[in-house]
Amino acid sequence: QVQLVESGGGLVQPGGSLRLSCTASGSIFSIYRMAWYRQAPGKQRELVAGITRGGTTNYADSVKGRFTISTNNAKNTVYLQMNTLKPEDTAVYYCNVVMTSPQAYWGQGTQVTVSS
């Protein structure tokens, strides 16, 4: 079993910043990719950003230039630095980890609310 613990969500004003963290623990043998998804009310879950073990990143067009994904491989932790937040960034953010097995795991989600 793999456990994912997320932190860093909250309420922020438009233009503000937040940093999300997600740490994987348990039966971790080889992580292939870590990513952040989000789901707003009434919408489908969408990919926000992903990063492979080798450091290759990809971002949703809506967050390019504002969000940065990074990892601490030694700590099996992935971060999402979110700058210049907009009300449309409001959603529950989920951490996703894909192993080379290739099993995938999800975090419990953390709420991000951008509002004045």
Side-chain angles (χ1 to χ4, degrees):
Q1 284 291 343
V2 173
Q3 295 80 41
L4 301 178
V5 178
E6 301 160 344
S7 62
L11 172 64
V12 63
Q13 293 186 342
S17 298
L18 282 175
R19 188 194 195 206
L20 306 182
S21 300
C22 172
T23 299
S25 62
S27 303
I28 299 173
F29 299 104
S30 184
I31 294 175
Y32 168 69
R33 180 175 179 264
M34 304 182 84
W36 289 95
Y37 287 74
R38 66 186 181 187
Q39 188 166 18
K43 294 188 177 181
Q44 291 187 331
R45 190 173 297 188
E46 64 175 357
L47 174 68
V48 176
I51 183 168
T52 67
R53 198 72 168 182
T56 301
T57 59
N58 64 299
Y59 295 90
D61 288 343
S62 60
V63 307
K64 284 180 180 177
R66 300 189 297 122
F67 291 10
T68 302
I69 190 169
S70 61
T71 57
N72 182 326
N73 290 334
K75 295 182 179 181
N76 293 314
T77 298
V78 61
Y79 306 96
L80 185 68
Q81 178 65 45
M82 304 185 293
N83 298 329
T84 318
L85 283 161
K86 304 175 181 180
E88 51 263 43
D89 295 317
T90 295
V92 177
Y93 284 69
Y94 296 92
C95 175
N96 170 263
V97 173
V98 178
M99 305 298 181
T100 56
S101 48
Q103 290 178 293
Y105 300 89
W106 292 92
Q108 79 282 0
T110 185
Q111 177 70 46
V112 172
T113 302
V114 185
S115 176
S116 55

Nearest 0.5 angstrom please: [X] [atom1] to [Y] [atom2], how far?
X	Y	atom1	atom2	value
Gln81	Leu20	CD	CG	9.0 Å
Glu6	Gln111	CD	CD	12.0 Å
Ser25	Lys75	OG	NZ	14.0 Å
Leu80	Thr68	CG	OG1	8.0 Å
Ile51	Ile69	CD1	CD1	5.5 Å
Arg45	Arg38	CZ	CZ	13.0 Å

Are there more than 12 heavy atoms of other residues, nucleotides or ligands under 6.0 Å from atom [atom1] of [X]?
X	atom1	result
Gln39	CD	yes
Glu88	CD	yes
Tyr105	OH	yes

[X] and [Y]: which non-hydrogen atoms are nearest, and at how many Å?
X	Y	result
Ser101	Gln103	OG-N, 2.7 Å
Tyr37	Val48	C-CG2, 3.9 Å
Gly107	Leu4	N-CD1, 3.5 Å
Pro14	Ser115	CD-C, 3.6 Å

* Under 3.5 Å, is there a donor-acceptor pair between the Thr113 and Thr90 side chains? ->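 Absent: no donor and acceptor within the cut-off.
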* Would you indicate whether the side-chain heavy atoms of Val97 and Val2 approach each other to under 4.5 Å? =>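 No - every pair of side-chain heavy atoms lies 4.5 Å or more apart.
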* Indicate yes or no: at least one non-hydrogen side-chain atom of Gln13 is less than 4.5 angstrom from one of Val114. => no
* Before giving the answer on side-chain contact (heavy atoms from CB on, under 4.5 Å), spell out for Asn58 and Leu47 the whole-Å C-alpha distance, their side-chain angles and the decisive distance to 0.1 Å. => CA-CA 9 Å; Asn58 64 299; Leu47 174 68; 3.2 Å; yes
* To do: Describe, in one word, how the ring planes of Phe67 and Tyr93 are oriented to each other, choosing from parallel (under 30°), tilted (30 to 60°) and perpendicular (over 60°).
  => tilted
When clusters are formed by joining ILVMFWY residues with side-chain heavy atoms under 4.5 Å apart, either directly or through shared neighbours, do [X] and [Y] land in the same one?
X	Y	result
Val63	Met34	yes
Leu18	Tyr59	yes
Val78	Val5	no
Val12	Trp36	yes
Val112	Tyr79	no

* Asked: Sub-3.5 Å donor-acceptor pair from the side chain of Arg33 to the main-chain atoms of Val98, do we have one?
  -> no
* Asked: Is any NZ, NE, NH1 or NH2 atom of the basic residue among Lys86 and Asp89 found under 4.0 Å from an Asp or Glu carboxylate oxygen of the other?
  ->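 Salt bridge: no.
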